[in-house]
Amino acid sequence: MSTANNTPGLVVLAVDDEKAGMDVLVERLNGNRHVRRVLTAFDATEALLQLSGDDPELAGRKDQGLSVVDAVFADLDMPGLTGMELAKVLAGFKPAPVLVFVTAHSHEAVAAFELGAVDYLLKPAEQPRMDKAVERVLAKIHQNGGGTQASVPEQRDDEVIPVELAGTTKLVSRASVRWVEAQGDYARLYTSDGSHLVRIPLAQLEERWEKAGFVRIHRSYLVPISLITELRMGGSGYSVVIGHEEKVLPVSRRHTRELKDRLVRGGGA
């Protein structure tokens with residue numbers, strides 16, 4: 001089952017087990033000028049059949065070394081295989097389509113991005129929000145050199161972190177984070193426009209963001225080494241100054257040697 005418009009562009013697969021949700025999803029996708037064709041599937045099993053079917057156009061894409069579809073827009077809560085389980089299967093495709101989740105629930109956002117999704121839309125997605133998601137799909141395809149492949153969060157140029165704000169999910173880019181503070185099993189991200197609490201332990205962020213230049217300076221703090229403007233020695237030990245805010249954060253004794261070494265190497269890992 002599919003719909004199409006006359007504008008050349010993306011071939012996408014919409015997956016939703018509810019007809020009302022599917023109707024809105026297809027309407028929004030077809031409302032974007034970059035989308036040429038929308039395939040539909042009402043559960044994950046049908047989605048996989050679509051991706052392995054005999055459609056001449058899709059078979060031709062395989063012959064060109066492309067993903068069968070450019071992107072999959074999938075609901076999370078479905079009978080049989082869930083959206084998360086479908087995502088894990090799609091990650092095994094070589095190359096794999098770009099993944100976007102469309103759901104009524106925000107609580108799975110962190111897990112979705114860890115699976116490599118480029119966006120997480122809350123139902124009902126209005127056209128401007130869908131257009132933004134399609135832009136992210138296009139950016140990911142461009143990043144992959146025109147083809148599509150499985151997204152690996154650690155390899156993103158700028159990972160985004162979903163945060164809850166007044167009942168909506170906001171995406172905070174890693175590049176906007178000035179420093180991170182541990183708060184139990186949570187972490188507070190400080191940016192130029194405020195702070196955001198996320199349900200991710202600081203140790204997990206440290207591991208994920210190490211290659212992006214973030215360094216642990218204290219059991220409670222993680223900072224991008226590129227924003228350190230001073231390393232100060234005081235009566236109670238070392239501290240660092242962060243960026244133009246001139247925020248002063250303590251450096252614990254156990255992290256001092258590693259921090260000095262990183263600064264000498266110019267922030268290299």
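Judged by distance alone, with hydrogens and angles left aside, the side-chain atoms of D70 form no donor-acceptor pair with the main-chain N or O of V12 at under 3.5 Å. R262 contributes no side-chain N or O that, together with a main-chain N or O of I225, makes up a donor-acceptor pair within less than 3.5 Å. Looking at R216, its side chain does come within 3.5 Å of a backbone N or O of R219 through a donor-acceptor pair. Of the possible polar contacts, one joining the E46 side chain to the F42 backbone as a donor-acceptor pair under 3.5 Å is found.
Partners of K123 under the salt bridge (charged side-chain N to carboxylate O under 4.0 Å, His left out) rule, at least two apart in sequence or in another chain, are D16, D75. With sequence neighbours left out, the side chain to side chain contact (heavy atoms under 4.5 Å, CB included) criterion links A44 to M78, L81, L86.
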Please output the side-chain donor-acceptor pairs of residues 177-189 that fall under 3.5 Å, not counting sequence neighbours, one pair per line with the distance.
{"from": "R178", "atom 1": "NE", "to": "E245", "atom 2": "OE2", "distance (Å)": "2.8"}
{"from": "E181", "atom 1": "OE1", "to": "Y190", "atom 2": "OH", "distance (Å)": "2.9"}
{"from": "R188", "atom 1": "NH1", "to": "S195", "atom 2": "OG", "distance (Å)": "3.0"}

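Under the 4.5 Å side-chain heavy-atom criterion for Ile, Leu, Val, Met, Phe, Trp and Tyr, I217 and L263 are members of the same hydrophobic cluster.
For the pair L138/L10, a side-chain contact is recorded, criterion being any heavy-atom separation below 4.5 Å from C-beta on. In this structure, K140 and L99 have side chains that are not in contact, with every pair of non-hydrogen atoms separated by 4.5 Å or more.
Atoms CZ and CG, from R136 and D131 in turn, are 12.0 Å apart once rounded to the nearest 0.5 Å.
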Verdict with supporting geometry, R28 and L121, side-chain contact (heavy atoms from CB on, under 4.5 Å): CA-CA 12 Å; R28 297 290 183 266; L121 279 66; over 6 Å; no

